[in-house]
Amino acid sequence: MHTLSLLLLSASGTLAYPWVAGQPGVDSTLLRQVRQPVKRQASCPFNPNHKGAAPYSDKYPYIGAKNGAPGSQTGGIKVPADGDTAHAFVAPGPNDIRGPCPGLNTAANHNFLSHDGVTTFTELVDAQQNIYNLDYPVSVLLAVLGIQAGGDIVTGKLSIGCDATSRTALLPLLGSQPGLNGHNKFEADASLTRNDYYISNGDNYNFNGTLFAEMKSYADRVSGGKFDRNALAAYRSQRYDESVQTNPNFFFGPLSVLLYGAASFLYELFPSYGNEGTPDLATISSFFGAVQDSSAPGGWRHVPERIPDNWFNRRTPYTSTVEEILAMYLQYPKIFGGNVGRNNFNALSAPFGILENGTLPANTKPADILCLLYQLGTSVVPSSLSTVTDLTGAILDWSVGKLNPVFKNAGCVLKPDQTK
Ligand code: HEM
Ligand SMILES: *[C@@H]1O[C@H](CO)[C@@H](O)[C@H](O)[C@H]1NC(C)=O
Ligand SMILES: *[C@@H]1O[C@H](CO)[C@@H](O)[C@H](O)[C@H]1NC(C)=O
């Protein structure tokens with residue numbers, strides 16, 4: 001029996017798990033063949049003139065979220081507000097970092113995050129609430145997972161794209177901080193519009209017009225042009241199947257449940273007035289930075305992500321991310337695990353939270369997904385069939401300290417908070 005405690009005991013980094021090779025159906029010779037190194041991104045933009053996010057003024061407080069604290073929860077607010085020039089769109093320059101997340105790229109382009117893409121925990125928690133009226137617990141959780149994936153718990157800094165360790169870390173010598181492009185931490189395979197890491201020479205962060213066109217074709221076919229839950233459930237299923245067929249290193253681990261949450265943002269957060277609005281092509285292409293261009297691959301060219309004109313955030317906070325994750329997943333249930341060679345998929349054999357034998361139990365409830373998210377934020381997590389994320393005890397303690405207060409009434413078994 002391979003229990004979570006085994007995972008935790010041997011969590012000191014990228015240890016190979018000897019039992020993986022012994023699992024039924026795993027050809028262990030493939031394990032050695034498929035782990036080719038991938039080229040690192042050549043260089044990461046460096047902006048010598050780092051400016052923090054534009055501060056919120058009393059005149060334009062938005063949801064009123066400040067300093068990492070919860071805001072008023074009351075939305076229906078125009079973003080950017082008329083007259084708030086500090087949060088007007090400014091295209092990123094060659095020295096600014098952008099990455100795999102359309103929601104954060106948009107936020108940086110409007111100075112809700114540092115325009116150079118080197119942001120902070122606090123900026124992230126505030127911006128998600130103030131722009132999108134995402135609820136406070138999920139705002140904190142995503143910021144924690146983001147810092148874990150590629151940032152620094154001491155400085156609270158994070159690059160929203162490539163490795164900017166010299167600017168995010170206090171002591172760069174202690175190791176590199178890959179930013180949100182870091183693979184199989186938060187960034188994962190089978191994304192909506194980004195390539196899988198291993199089959200694209202490490203380009204898991206740029207917008208891909210062919211994939212955007214594919215996503216649009218699902219919106220057209222399934223939901224009459226709307227990027228709604230049904231369309232995205234079908235498209236996510238298709239992306240998974242594509243990765244099984246084409247990516248010898250495809251990995252769909254526990255962290256991949258986040259991809260369903262991100263997909264729900266298309267119809268819950270991006271439309272004007274959120275859930276009351278329509279996730280149509282004009283809205284979605286503005287946030288993804290997609291412009292129709294017959295000479296571009298797939299017919300879609302990338303431009304900087306931007307909040308559509310005359311756009312209002314949700315009136316009420318988005319509090320049902322876990323319900324949407326579960327509803328979308330259940331339309332096309334998938335096995336959690338990974339490929340050991342193309343089209344040779346193996347279920348994750350180590351249990352993680354409620355995941356056992358690579359599946360969610362039949363009676364999974366939204367509350368169980370919530371606790372799974374807590375566990376993703378507070379544990380080492382399988383990051384391939386044979387490794388776990390390289391989180392240190394200090395990082396996990398920091399995360400527990402951030403997450404326990406917001407999960408205290410969620411009914412999850414909480415880890416002891418060592419920061420108190
Ligand atoms: C601290 C907060 C956040 C962090 C750290 C974060 C990070 C990420 C990362 C690493 C990805 C890539 C996942 C993948 O491989 O597919 C991603 C995808 C995505 N994020 Fe975020 N995100 C955050 C908040 C948001 C918000 C507030 C929104 C929307 C309002 C958003 C919308 C999306 C969407 C739509 C995708 C899917 C993109 C695609 O697959 O093409 N994110 N995010
Ligand atoms: C975009 O995605 C398609 C489909 O996965 C792939 O064939 C193509 O190589 C990708 N384009 C780029 C520039 O990575
Ligand atoms: C997982 O697989 C093992 C071994 O095949 C089996 O004993 C166990 O009952 C399975 N668990 C679930 C929840 O299906």
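For this chain, numbers begin at 1 and follow the sequence in order. Note that ligands are numbered from 1 as they come in the structure, with each ligand's atoms numbered from 1 the same way.
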Asker: Flag atom 5 (O) of ligand 3 as yes if some protein heavy-atom distance to it falls below 4.0 Å, otherwise no.
Answerer: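 Within 4.0 Å: no protein heavy atom nearby.
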
Asker: What do the steps show when you test Q177 against T168 for side chain to side chain donor-acceptor pair (under 3.5 Å), and what is the final call?
Answerer: CA-CA 7 Å; Q177 297 173 347; T168 54; 2.6 Å; yes

Asker: Can you report which non-hydrogen protein atom sits closest to atom 31 (C) of ligand 1, along with the distance?
Answerer: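 Going atom by atom, the protein heavy atom closest to atom 31 (C) of ligand 1 ends up being F265 CD1, 3.4 Å.
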
Asker: Within the protein, is there a heavy atom lying under 4.0 Å from atom 9 (O) of ligand 2?
Answerer: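 No, there is none.
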
Asker: Going by the order shown, which atoms of ligand 2 are within less than 4.0 Å of some heavy atom of N195?
Answerer: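 Listed by number with element: 1 (C), 2 (O), 10 (C), 12 (C), 14 (O).
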
Asker: Give the residue, atom name and distance (to 0.1 Å) of the protein heavy atom nearest atom 15 (O) of ligand 1.
Answerer: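 It is A188 N, 2.7 Å.
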
Asker: What residue and heavy atom of the protein are closest to atom 16 (O) of ligand 1, and at what distance?
Answerer: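 The protein heavy atom lying closest is S191 OG, 2.7 Å.
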
Asker: List the closest protein heavy-atom neighbour of atom 13 (C) of ligand 1: residue, atom name, distance to the nearest 0.1 Å.
Answerer: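 Checked against all protein heavy atoms, atom 13 (C) of ligand 1 sits closest to L259 CD2, 3.8 Å.
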
Asker: Just need the protein heavy atom nearest to atom 34 (C) of ligand 1, so name the residue and atom and give the distance.
Answerer: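 That would be P102 CD, 3.6 Å.
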
Asker: Within 45 degrees of the ring normal and closer than 6.0 Å to the centroid, is that where the cationic atom of R315 sits relative to Y273?
Answerer: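 Verdict for Y273: a cation-pi partner in R315.
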
Asker: Identify the closest protein heavy atom to atom 2 (C) of ligand 1: which residue and atom is it, and at what distance?
Answerer: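 Protein heavy atom at minimum distance: Q128 OE1, 3.3 Å.
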
Asker: Please write down residue, atom name and distance for the protein heavy atom closest to atom 41 (O) of ligand 1.
Answerer: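 That would be T193 OG1, 2.6 Å.
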
Asker: Under a 4.0 Å heavy-atom limit, does F287 contact ligand 1 with its side chain, its backbone, both, or neither?
Answerer: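 The answer is neither; F287 stays 4.0 Å or more away.
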
Asker: Measure from NZ or CZ of R236 to the centre of the six-membered ring of Y260, then state whether that distance is under 6.0 Å and the direction lies within 45° of the axis.
Answerer: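 Yes, R236 lies over the aromatic ring of Y260.
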
Asker: With K78 as the cation and Y60 as the aromatic partner, state whether NZ or CZ is under 6.0 Å from the six-membered ring centre and within 45° of the axis.
Answerer: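 That pair does not qualify as a cation-pi contact.
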
Asker: Answer with side chain, backbone, both or neither: which part of L104 has a heavy atom less than 4.0 angstrom from an atom of ligand 1?
Answerer: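 The part of L104 near ligand 1 is the side chain, not the backbone.
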
Asker: So, for atom 14 (O) of ligand 2, does the protein have a heavy atom nearer than 4.0 Å?
Answerer: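 It does: a protein heavy atom is found less than 4.0 Å away from atom 14 (O) of ligand 2.
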
Asker: Measuring from atom CD of E187 to atom CG of N181, what distance do you get when rounded to the nearest 0.5 angstrom?
Answerer: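 The CG atom of N181 is 7.5 Å from CD of E187, to the nearest 0.5 Å.
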
Asker: Would you please say whether a donor-acceptor pair under 3.5 Å links the side chains of E324 and Y267?
Answerer: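 A pair is found: one side chain offers a donor N or O, the other an acceptor, under 3.5 Å apart.
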
Asker: Less than 4.0 Å is my threshold; does some heavy atom of F288 fall inside it relative to ligand 1?
Answerer: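 For ligand 1, residue contact (heavy atoms, under 4.0 Å) with F288 is present.
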
Asker: Here's a test for you: under ring-ring contact (aromatic ring centres under 6.0 Å, His included), which of F336, Y240, Y197 qualifies with F250?
Answerer: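 Passing option: Y240.
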
Asker: Write out all pairs satisfying disulfide (SG to SG under 2.5 Å) with one or both partners inside residues 286-378, taking only residues at least two apart or from two chains.
Answerer: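 Disulfide (SG to SG under 2.5 Å) check on residues 286-378 returns C371-C412.
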
Asker: For atom 12 (C) of ligand 2, what is the closest protein heavy atom, and at what distance to 0.1 Å?
Answerer: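 Here the nearest protein heavy atom works out to N208 ND2, 3.6 Å.
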
Asker: Determine, using heavy atoms of F207 and all atoms of ligand 1, whether some pair is separated by less than 4.0 Å.
Answerer: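 Judged by the 4.0 Å heavy-atom criterion, F207 does not count as contacting ligand 1.
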
Asker: Write out the residue and atom name of the closest protein heavy atom to atom 25 (C) of ligand 1, then the distance separating them to 0.1 Å.
Answerer: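 For this ligand atom, the closest protein heavy atom is C101 SG, 3.7 Å.
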
